[in-house]
Chemist: 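Input: one structure, supplied below.
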Amino acid sequence: MKRREFLASSIIATGALGFGFGPSALRAQEPVTGGTLIWGHSETTQNLDMHQTGTASTARVLQNIHDGIVTINSNMEVVPQLAESFEVSDDGLTYTFRLRPGVMFHDGSTMSAEDVVYSFERLRNPETGAVNFEVFNDVDAIETPDDMTVVIRMSRANAPFLARLAENGAGVVMPAGSGDIQGETPIGAGPFRFIRREFGNEVELARFDDYWDGPAYLDGILAREITEPTVRLTGLRTGELHFINDIPAERISEVEADPELQVRTWAPLNFDFLNFNHSLELFQDRRVRQAFDLMIDKEMLLQGALWGQGQTTPTPSFPNDASRNGDLVQRAQDIAAARALLEEAGYPPGSLSVVFKVTTNYPYHVDSAQIIAEWAREAGVNMTIEQLTWADWLSQVWVDRDFEMTMMNFFTIWEPDRLYYSLYHTTGGFNYRNISDPLIDELAEAARGETDPQARIDIYKRIQQHIFDESLDVVLWYRNGSIAALPSVGGLDGVVHPNGSNLTFHKVWLNA
């Protein structure tokens, strides 16, 4: 296989996300230097170690602190970043990265091959607890012929490997030996350096003047963590904030019509799904899982919880993903059928009680849970809702897997290997639901080694069909993304990362 064909096979299954920007009042401005952007961040940051964090909320901040060895452009093509160039052997077993000379880290050290090896070995070390550890499962050796060259040798061809490195969580390069402090004091090679974090309140970043791609215009960023949507919008309108992400869903039209605000909307931002803990005997029964699927009117839930700011979907694959299974259709609500399935499984009306844990970090998840609980009651199920802070949800659900049912959304999952290996493989780094399905494991492994683009697409479509048939999760919708800013903020065209979730402020500026 020729190098170009192999590279094509590693990304063609994704397609381009194809998210488009909606109505905007962007002003033509000339960049100026100076000022601190006050950002109303919709979520709370957690562990600041880019290798270990599994939350998009934290990654949105860290995206401005770190760069990766490669990244993606607006066409979802893998391109060099901290690497100046890369090559893949004809057999797909050897990746050679020529590093960009003169790249400096925020601690004043200069990047070399040693830092790349340290970062990747740390990622693949099980003791690190890296969420993207499985990206390196097929890596046989990492070599450094010289200080500016890194060679990765694979035990077998792995079609998505390069695209997975384009995710900062997998491809980020840190200074050698810095792992122990990354969780509290992240050090990277990005356009902004970390100053401080007041947990649950704000994170402060400052421009890194020695950034390899030229210094940012802003002096700094102050990310204030404001999970209540109305409070964020009020802060923007009063001038307390310069920029917010996640405009309140019920206020989108109103904000778009406001001539005093700049607005960007796009689709999709993420997908949301209902989760079951598969380690529990209750949810090892497909009839029970499918019963909960049948309880939900997906379109009504979208309107009630998201005010229609999204689109229902039976699969988590993004709309323009070539591997999306377009033959799937969500199950219509059928309360009677749900009751019948539960009774068949041994749970007659009134005999089943479940606890639904949701996080207040996503207010629309709380709204969704309350709506679903009413449908569950109609189906004869007593559903108790527990509202958790983001930190408690991560501790109880993500880490300890102490839950019966929950709801979550995932951002930046544009690459199908990450989506179907990380979330659904028995050993996947994002498989907090304890799913262990031999067919999915077999197919996800086969997709990694399949270098024929169409064959790989077909495998992912089979995986989606199986997830749907077994109701392993109940996929609900794609949610739209939105940002808003004061007229004084310039450079918004480049804020939203091509993955549709991360926000980059390298080319943003403030006019006095």
Chemist: Going by atom types alone, do Tyr420 and Ser317 pair a side-chain donor with an acceptor below 3.5 Å?
Modeler: yes
Chemist: If you look at every heavy atom in Tyr478 and Pro268, which pair is closest and at what distance?
Modeler: CB-CB, 3.7 Å
Chemist: State plainly whether the residues Arg286 and Asp469 are in salt-bridge range, i.e. N to O under 4.0 Å.
Modeler: no
Chemist: For a salt bridge (Lys or Arg N to Asp or Glu O under 4.0 Å) check, start with the C-alpha distance between Glu374 and Arg377, then their side-chain angles and the critical distance, and finish with the verdict.
Modeler: CA-CA 5 Å; Glu374 286 302 307; Arg377 182 182 56 78; 3.0 Å; yes
Chemist: With no hydrogens and no angle check, do the side chains of Ser279 and Asn277 hold a donor and an acceptor under 3.5 Å apart?
Modeler: yes
Chemist: What pair of heavy atoms forms the shortest contact from Phe403 to Leu280, and how long is it?
Modeler: O-CD1, 3.7 Å
Chemist: Take Phe243 and Leu486, measure what side-chain contact (heavy atoms from CB on, under 4.5 Å) needs, and give me the verdict at the end.
Modeler: CA-CA 7 Å; Phe243 173 97; Leu486 297 178; over 6 Å; no
Chemist: Measure the shortest side-chain to side-chain distance between Leu503 and Val496 over non-hydrogen atoms and say whether it is less than 4.5 angstrom.
Modeler: yes
Chemist: If you measure from CG on Asn409 to OG on Ser368, what distance do you get to the nearest 0.5 Å?
Modeler: 10.0 Å
Chemist: Would you say the side-chain atoms of Gln63 and Asn502 include a donor-acceptor pair closer than 3.5 Å?
Modeler: yes
Chemist: Using the ring of each side chain (for Trp, its six-membered ring), is Trp390 parallel, tilted or perpendicular to Trp393, with breaks at 30° and 60°?
Modeler: parallel
Chemist: Side chains of His506 and Asn64 only: does a donor on one sit below 3.5 Å from an acceptor on the other?
Modeler: no
Chemist: Determine, for Lys357 against Asp392, whether the closest basic-nitrogen to carboxylate-oxygen distance falls under 4.0 angstrom.
Modeler: no
Chemist: Using a 4.5 Å cut-off on heavy atoms from C-beta on, say whether the side chain of His278 contacts that of Arg289.
Modeler: yes
Chemist: Any side-chain donor-acceptor pair under 3.5 Å between Thr426 and Ser436?
Modeler: yes
Chemist: Tell me if a side-chain donor or acceptor on His365 pairs with a main-chain N or O of Val358 at a distance below 3.5 Å.
Modeler: no
Chemist: Quick one: are His51 and Val172 in side-chain contact, heavy atoms under 4.5 Å?
Modeler: yes
Chemist: How about Ile296 and Trp375: do any of their side-chain heavy atoms sit closer than 4.5 Å?
Modeler: yes
Chemist: Which value, rounded to the nearest 0.5 Å, describes the distance between Glu470 atom CD and Ile440 atom CD1?
Modeler: 8.5 Å
Chemist: Go through Arg339 and Glu378 one step at a time and tell me if the salt bridge (Lys or Arg N to Asp or Glu O under 4.0 Å) criterion holds.
Modeler: CA-CA 9 Å; Arg339 290 170 69 100; Glu378 292 179 35; over 6 Å; no
Chemist: What do the steps show when you test Leu48 against Phe194 for side-chain contact (heavy atoms from CB on, under 4.5 Å), and what is the final call?
Modeler: CA-CA 10 Å; Leu48 297 176; Phe194 176 82; 3.8 Å; yes
Chemist: Do Gln396 and Asp402 get their side chains close enough for a donor-acceptor pair, meaning under 3.5 Å?
Modeler: no
Chemist: Are side-chain N/O atoms of Asp272 and Asn270 paired as donor and acceptor at under 3.5 Å?
Modeler: yes
Chemist: Closer than 4.0 angstrom, basic N to acidic O: yes or no for Asp417 and Arg456?
Modeler: no
Chemist: Once you round to the nearest 0.5 Å, how far does NE2 of His425 lie from OG1 of Thr427?
Modeler: 4.5 Å
Chemist: Applying the side chain to side chain donor-acceptor pair (under 3.5 Å) test to Thr313, which of Arg324, Lys298, Gln330 qualifies?
Modeler: Arg324
Chemist: So which heavy atom on Ile195 is nearest to which on Leu205, and how close?
Modeler: CG1-C, 4.0 Å
Chemist: So for atom CD, which belongs to Glu184, do other residues, nucleotides or ligands contribute more than 12 heavy atoms lying within a distance under 6.0 Å?
Modeler: no
Chemist: Quick one about Thr360 and Gln387 (side-chain donor to acceptor, distance below 3.5 Å, no hydrogens or angles considered), yes or no?
Modeler: no
Chemist: Roughly how far, to the nearest 0.5 Å, is the CD atom of Gln309 from the CG atom of Asp246?
Modeler: 11.0 Å
Chemist: Considering residues, nucleotides and ligands other than Trp307, do more than 12 of their heavy atoms fall under 6.0 Å from its CH2?
Modeler: no
Chemist: Is there a donor-acceptor contact under 3.5 Å from the side chain of Gln182 to the main chain of Ile187?
Modeler: yes
Chemist: Check Pro229 against Pro363 and note the closest heavy-atom contact, atom names and distance.
Modeler: CD-CG, 3.9 Å
Chemist: Can a cation-pi geometry be assigned to Arg448 and Tyr421, taking NZ or CZ under 6.0 Å from the six-membered ring centre and within 45° of the ring axis?
Modeler: yes
Chemist: Treating Glu77 as the side-chain partner and Ile72 as the backbone partner, does any N or O pair qualify as donor plus acceptor under 3.5 Å?
Modeler: no
Chemist: To the closest 0.5 Å, what do you measure between CG (Asn245) and OG (Ser57)?
Modeler: 10.0 Å
Chemist: Relative to each other, are the rings of Trp477 and Tyr364 parallel, tilted or perpendicular (30° and 60° limits)?
Modeler: tilted
Chemist: Looking only at non-hydrogen atoms, find the nearest pair between Arg418 and Phe411 and report the distance.
Modeler: NH1-O, 4.5 Å
Chemist: Does the cation-pi check pass for Arg164 over Phe136, that is, NZ or CZ under 6.0 Å from the six-membered ring centre and within 45° of its axis?
Modeler: no
Chemist: Could you pull out the closest heavy-atom pair between Val381 and Leu342, with the gap in Å?
Modeler: CG2-CD1, 3.5 Å
Chemist: Using the side-chain hydrogen bond (donor to acceptor under 3.5 Å, both in side chains) rule, take Glu134 and Ser422 through it: C-alpha gap first, then chi angles, then the decisive distance, then the call.
Modeler: CA-CA 8 Å; Glu134 84 276 353; Ser422 295; 2.3 Å; yes
Chemist: In terms of side-chain heavy atoms, does Tyr424 have a donor or acceptor partner in Asp441 at a distance below 3.5 Å?
Modeler: no
Chemist: Do the rings of Trp39 and Phe505 sit parallel, tilted or perpendicular, given the 30° and 60° boundaries?
Modeler: tilted
Chemist: Test salt bridge (Lys or Arg N to Asp or Glu O under 4.0 Å) on Arg331 and Asp297 and set out the steps.
Modeler: CA-CA 9 Å; Arg331 293 180 177 90; Asp297 183 327; over 6 Å; no
Chemist: Give the intermediate values and the outcome of side-chain contact (heavy atoms from CB on, under 4.5 Å) for residues Leu423 and Phe273.
Modeler: CA-CA 12 Å; Leu423 263 74; Phe273 58 169; 3.9 Å; yes
Chemist: Below 4.5 Å, heavy atoms only, C-beta onward: do Trp266 and Ile483 meet side chain to side chain?
Modeler: yes
Chemist: Does one side chain, of Arg401 or Asn434, offer a donor that lies under 3.5 Å from an acceptor on the other?
Modeler: yes
Chemist: Using a strict threshold of under 4.0 Å (side-chain N to carboxylate O), is an ion pair present between Glu450 and Arg462?
Modeler: no
Chemist: Side chains of Asp400 and Ser395: does their closest heavy-atom pair fall under 4.5 Å?
Modeler: yes
Chemist: I'd like to know if the side chain of Asn132 reaches the main chain of Val135, judged simply by a donor and an acceptor atom lying under 3.5 Å from each other, with no hydrogens or angles considered.
Modeler: no
Chemist: Any non-hydrogen side-chain atom of Pro316 less than 4.5 Å from a side-chain atom of Val475?
Modeler: yes
Chemist: Roughly how far, to the nearest 0.5 Å, is the OG atom of Ser482 from the CD1 atom of Ile244?
Modeler: 7.0 Å
Chemist: Report the C-alpha distance between Arg433 and Glu404 in whole Å, list the side-chain angles of each, state the deciding distance to 0.1 Å, and finish with yes or no for salt bridge (Lys or Arg N to Asp or Glu O under 4.0 Å).
Modeler: CA-CA 9 Å; Arg433 290 100 65 227; Glu404 294 178 349; over 6 Å; no
Chemist: Main chain of Thr55, side chain of Gln46: is a donor-acceptor contact present, judged purely on distance under 3.5 Å?
Modeler: no
Chemist: Would you say the side chain of Ile221 lies within less than 4.5 Å of the side chain of Glu204, judging by non-hydrogen atoms?
Modeler: no
